[in-house]
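Only one structure is covered here, and it is reproduced in the block below.
Every chain is numbered from 1, with letters handed out A, B, ... down the list of sequences.
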2 protein chains.
Amino acid sequence: MLVRGERSPVTAEGVPVRRPTLHAVAARAGVSKSSVSRVINGEPTVAPEIRQIVMAAVTELGYVPNGAARNLVTQKTNTIAIIVSDPPAGLASDDPMFAMVVRAASRQLEAAGKQVSLVLAGSDESRKRVEQYLAAGHVDGAMLVSMDGADPLPAVLARTGLPIVSHGRLSTPGLMPWVDNDNLGGARLAVRHLLDQGRQRIATISGPLDMTAAQDRLTAYRETLKDTGRRSIVALGDFTRISGAEAMRQLLDDDPQLDAVFAANDLMAIGALRTLREAGRRVPDDVAVIGFDDIEAALYTAPALTTIHSPMGEQAARTTRLLLDLITHGSADSVTLPTEIVVRESA
Amino acid sequence: MLVRGERSPVTAEGVPVRRPTLHAVAARAGVSKSSVSRVINGEPTVAPEIRQIVMAAVTELGYVPNGAARNLVTQKTNTIAIIVSDPPAGLASDDPMFAMVVRAASRQLEAAGKQVSLVLAGSDESRKRVEQYLAAGHVDGAMLVSMDGADPLPAVLARTGLPIVSHGRLSTPGLMPWVDNDNLGGARLAVRHLLDQGRQRIATISGPLDMTAAQDRLTAYRETLKDTGRRSIVALGDFTRISGAEAMRQLLDDDPQLDAVFAANDLMAIGALRTLREAGRRVPDDVAVIGFDDIEAALYTAPALTTIHSPMGEQAARTTRLLLDLITHGSADSVTLPTEIVVRESA
DNA sequence: CTGAAAGCGCTTACAG
DNA sequence: CTGAAAGCGCTTACAG
């Protein structure tokens, strides 16, 4: 099938038509451009009859104000950038976090009358691009999503002076306000639950240690175990299912006697469940498994996954609100959201 | 923590500083604005020494061209809209399709030097907003993602004359080029596989019938069965896990003897697996289950899910390329991508 | 190869 | 309450 795709609408004769301008509307209505502008922008100081006739001309011509011209003169864009770290080569590309955060934030931003510009920041080159993009004045503010601690981007962007917030605490403090869930508290809950069950050898599968969430979850695991005199058994993952499966295999090799695993997120817990099944270990009878996040998939594992509920939707909503507040008030406070344990079958 | 969030950078004294303009760079370099513009845009007709001195001024002042001014005068934005139908109330909000498509398309678009604007289209109100947004000239083109057939948006947007493509075939033909996978062929593969196994009572869990993918998958199921003289056993889902679980329950009630289920996507197959487990049916011994899509989660179900591989990543890439072609050449051909069966444990 | 000038399509003080 | 004019920050024919 062939479909025409001209840049602008054309008449039946194929003559390109330009979109009508403010000038055209003014001419059609027989008033000044100023008056049309005032009507369009809903200013109260317009006579009712003028408003009438202008509105008529607007609908008649199908007038829509040109965005670029508006942005140029008002020095604002009504656009917010959502900047997401882009893992190389599709890594974690179906991570539910991405969909949840982007979707929740977009919805709320649009409800607030803002457009959203989605920016992926992966390579050094793309980081440069992001910086230029913000400097070019394309957006009124930005939201950073789960940056890893090694990433220089937050510091660079903070220097632009634009209102920026972070979804997830950054490792460099003071750069910008953030919203995060209580990773420390949540991980403590998880490990204590395992201890309460009388588990003796409790291992963990950690997330990538350049992310604060992974650091916190590992730290809390270590300290909670240390309080009971037990030793840590740690394998490293990167928050993907496959890394969880591999880490579990390694854990089983290192300590065949282990009877519990705390995975730093649900995706890795799902991977661990597969390895345990392949190894013939029963869950939770032989090995208890607990995850973190409480993603929807945790309801569908066999056995159903016990996990720590982190309020992803609320976190996204609060981060968005934080940004909106920062834009209007010039300041905003970081917030930490509480977590809770959800006991199902796996532990 | 309190963080300052001024609109613009300030000096140590707190004096707001404006970003430097082309004018400032020209003054600093001692040349005309025209020359600066030419250097910035890499035009070849510039004397080397002028280029030198301009570049020096640019880096010295940290100059970045204002996007709005550029867009206004050039009448293009270098921005592409990705328009995604937003299901009400978080329905399917962790659908891996969303993440995959948005991510793959963004990556490719940015590699092509385009910015991406993410637009959620759910309510009637938001549909209006989208239309205005495109009419305002904010983007050079758009990509529609999995619109349902009842949605009037594609037709409305097609009338803007902007280059637009669809990720997934639309039910109204001829509106715009699209890229889709072979839903008909894939579903046929699935049902035949079940037949080849000697399954006698083969049910299906359909997707929402206002989507062409769901329609095609159901049609192929029906026709393939009819060829063997078997009757269709259909339950309706909406492509979510929970709907798959509920549909499976209903199917079991309607026909306790069924020995196979074709779920129209993997998410629903995952839901069906849970119901079957709860009902004490062994998979695949008692009931064979086959899905569609081959999402990553299909590798982690117990038992591992047999499914039809639909090339989501490639579909997104091809759709993006289609749009880029449409923008540059003014025309582009729709494409259908082949599917294949991936046999694992569940069928 | 370079610069002065016009103009992209709006908004916004400023007079009236 | 209304309109003429200036200006937002660029690019691009057009002379030279």
Assess whether side chain to side chain contact (heavy atoms under 4.5 Å, CB included) is satisfied between B:Val84 and B:Val119, documenting all intermediate values.
-> CA-CA 6 Å; B:Val84 185; B:Val119 181; over 6 Å; no
List the steps and the verdict of side chain to side chain contact (heavy atoms under 4.5 Å, CB included) for B:Ile80 and B:Ile327.
-> CA-CA 10 Å; B:Ile80 298 297; B:Ile327 289 174; 3.6 Å; yes
Output, in order, the C-alpha distance, side-chain angles, deciding distance and verdict of salt bridge (charged side-chain N to carboxylate O under 4.0 Å, His left out) for A:Lys128 and A:Glu131.
-> CA-CA 5 Å; A:Lys128 192 71 200 157; A:Glu131 195 185 340; 3.7 Å; yes
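The aromatic rings of B:His138 and B:Tyr133 sit parallel to each other, their planes meeting at less than 30°, with 60° as the upper class boundary.
Nearest-nucleotide positions on DNA chain C for A:His23 and A:Arg38 put A:His23 closer to the 5' end. Nucleotides of DNA chain D nearest to A:Pro44 and A:Lys33 differ in position, and the one nearer the 5' end is that of A:Pro44.
Taking a 4.0 Å limit (strictly below) on heavy-atom distances, residues 62-73 of chain B reaches DNA chain C at B:Leu72, B:Val73.
The side-chain heavy atoms of A:Val25 and A:Leu22, taken from C-beta on, include no pair separated by under 4.5 Å. The shortest distance between side-chain heavy atoms of B:Leu157 and B:Met147 does not fall below 4.5 Å. Residues A:Lys76 and A:Asn71 fail the side-chain proximity criterion, which asks for heavy atoms closer than 4.5 Å.
Judged by the 6.0 Å and 45° rule, A:Arg103 forms a cation-pi pair with B:Phe98.
Nucleotides of DNA chain C that come within less than 4.0 Å of any heavy atom of chain A span, from the 5' end to the 3' end, C:dG9 to C:dA13.
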Dot-bracket notation for DNA chain C is requested: 5' to 3', Watson-Crick or G-U wobble pairs only, both distances under 3.5 Å, with ( ), [ ], | and . as defined.
-> |||.||||||||.|||
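Within a 6.0 Å sphere centred on CD of A:Glu60, other residues, nucleotides and ligands contribute more than 12 heavy atoms.
Among the atoms of the strands shown, base atoms are found under 4.0 Å from some heavy atom of B:Ser34. At the heavy-atom level, B:Thr21 lies under 4.0 Å from the strands shown only through sugar-phosphate atoms.
Looking at A:Ile83, A:Leu322, A:Val101 one by one, the single match for side-chain contact (heavy atoms from CB on, under 4.5 Å) with A:Met143 turns out to be A:Val101.
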